[in-house]
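Remarks on the structure that follows.
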Protein chains: 2
Amino acid sequence: MSAHPTTSSGYWYAADGERPPALQVLEALRAYRTAESAMRLRTRESMGMGEKDVLALRYLLEADRAGTPLSPRDLASKLGISSASTTTLLDRLSRSGHVARRPHPTDRRALVIVATEEADCEVRSTLGAMHERMMRAARELSAEEAATVTAFLHAMAEAVEAADEPQLEERVEDCRQAAPDHGAA
Amino acid sequence: MSAHPTTSSGYWYAADGERPPALQVLEALRAYRTAESAMRLRTRESMGMGEKDVLALRYLLEADRAGTPLSPRDLASKLGISSASTTTLLDRLSRSGHVARRPHPTDRRALVIVATEEADCEVRSTLGAMHERMMRAARELSAEEAATVTAFLHAMAEAVEAADEPQLEERVEDCRQAAPDHGAA
DNA sequence: CAGTATTACTAGATTGTCTAGTTATCAGCT
DNA sequence: AGCTGATAACTAGACAATCTAGTAATACTG
């Protein structure tokens, strides 16, 4: 950062005490992220489940609606957990009555997981009002504003996705040389 | 949803095959969220830590920079974990050389947690390039566009934060009455 | 029809979290 | 000053969710 005094930090945008708009945007993005993860925690607690369980339920309901039901295998890969964990996750959700295991119509090894009506109600009633509020806010944007916001969010997703970085060790080494004093070690 | 045919879903915005802008915006928001959580996972794995550990490090570095160091207590409340978990978290981070426990200047019961130079380097080198990309994208917005995006993100955060809902049981009950057939049970 | 791949599950170990209780220190009251 | 209750960090023991490795049943392929 300190090597780029003309670009990102180190000066004031002073007259009216405001920070540069780009910073405000990123700050707002972070605020949203924080609010969102707090909401996730509330949801998690309100339904008495772990985070993966809630996420799994979301995927299942989505797939149900789209008419393309999921197998345990699909779920495992979407959630990024192992097949073993998926089994126990399904045990949990099944015991709590949120999902049911159905035989796959053609493959007798496989299963199809469906969310129960109760789970659908629970999720809808927990998240529905929030979705409504978000939709209302989104609809208040003009077409041009919506395009701006959409483009920005896509740019952010792209910025976050790029992953062609050197190995950790090298990067840390570079940094150590660049900043030889910090007073912490 | 199906009870509001004029507002949210159920018609086409047809001529050029596009969905309504509000939907596109929310979809972009979800895409960003997905990309971000994938990034978090990569970070987590690249540094060989749990999610809470990475988050704790972020808070610590932020606090360090702001000149307001954190106590284990502060950290526990920011992370939403217990004091006991905080102790073991600090044991982990301390053993791996990312943080150090320092005596509090005035309160001899308390500690001050500082991130080591190495942790600073590691986080900076892992997330620095990404921040740069995000900043670059944000700076490409005009002042008005930035204002639009900022306002939208604040509205979203607000939409997600509102939490004055009835108890879970009642909501589920309402829903069950409203949608008596779904074929899952 | 035989051999390999795939699906879901089981067993045992590891990890991160929690609650409850301990010790040292601080701040207020008499 | 000398108690007394509150607070900070830590310790012990238990629990929940995950992982790896391996098993049984079923599907595909030559």
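Labels below follow one simple rule: chain letters A, B, ... track the order of the sequence lines, proteins then strands, and each chain is numbered from 1. Basis for what follows: all heavy atoms, side chains included, without hydrogens, waters or symmetry-related copies.
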Between which nucleotides of DNA chain D, read 5' to 3', does contact with chain A run, using atoms under 4.0 Å from its heavy atoms?
D:dA17 to D:dA27
Which residue, A:Thr86, A:Leu75, A:Thr88, forms the side chain to side chain contact (heavy atoms under 4.5 Å, CB included) with A:Ile81?
A:Thr86
Grab the NE2-P distance between B:His104 and C:dC26 for me, whole Å please.
11 Å
Is A:Arg101 salt-bridged to A:Asp91, going by a charged N under 4.0 Å from an acidic O?
yes
What is the distance, rounded to the nearest whole Å, between atom CZ of A:Arg108 and atom C1' of C:dT7?
14 Å
Produce the list of close N/O pairs, under 3.5 Å, pairing protein atoms with atoms of nucleotides 14-20 of chain C; give distances to one decimal.
residue, atom, partner, partner atom, Å
C:dT17, OP2, B:Arg92, NH2, 3.1
C:dC18, OP2, B:Ser82, N, 2.9
C:dC18, OP2, B:Ser82, OG, 3.0
C:dC18, OP2, B:Ser85, OG, 2.2

Taking CZ from A:Arg102 and P from C:dA8, how many angstroms apart are they, rounded to a whole number?
16 Å
Distance-only side-chain donor-acceptor flag, A:His98 / A:Glu118, under 3.5 Å:
no
Rounded to whole angstrom units, what separation is found between the CG atom of B:Asp107 and the P atom of C:dA27?
6 Å
Of all heavy-atom pairs between B:Ala28 and A:His154, which one has the smallest distance, and what is that distance?
CB-NE2, 3.7 Å
To the nearest Å, how far apart are A:Asp91 CG and C:dC9 P?
7 Å
Is a side-chain N or O of B:Thr116 found less than 3.5 angstrom from the main chain of B:Gly97, in a donor-acceptor match?
yes
Rounded distance (nearest 0.5 Å) linking atom CD of A:Glu132 with atom CZ of A:Arg136
5.5 Å
Ignoring backbone atoms, test whether A:Arg73 places a side-chain nitrogen or oxygen under 4.0 Å from the OP1 or OP2 oxygen of C:dT7.
yes
Look only at the side chain of B:Thr87 and the backbone of B:Ser83, and say whether a donor-acceptor pair between them is shorter than 3.5 Å.
yes
What residues, two or more places apart in sequence or in another chain, satisfy salt bridge (Lys or Arg N to Asp or Glu O under 4.0 Å) together with A:Glu27?
A:Arg19
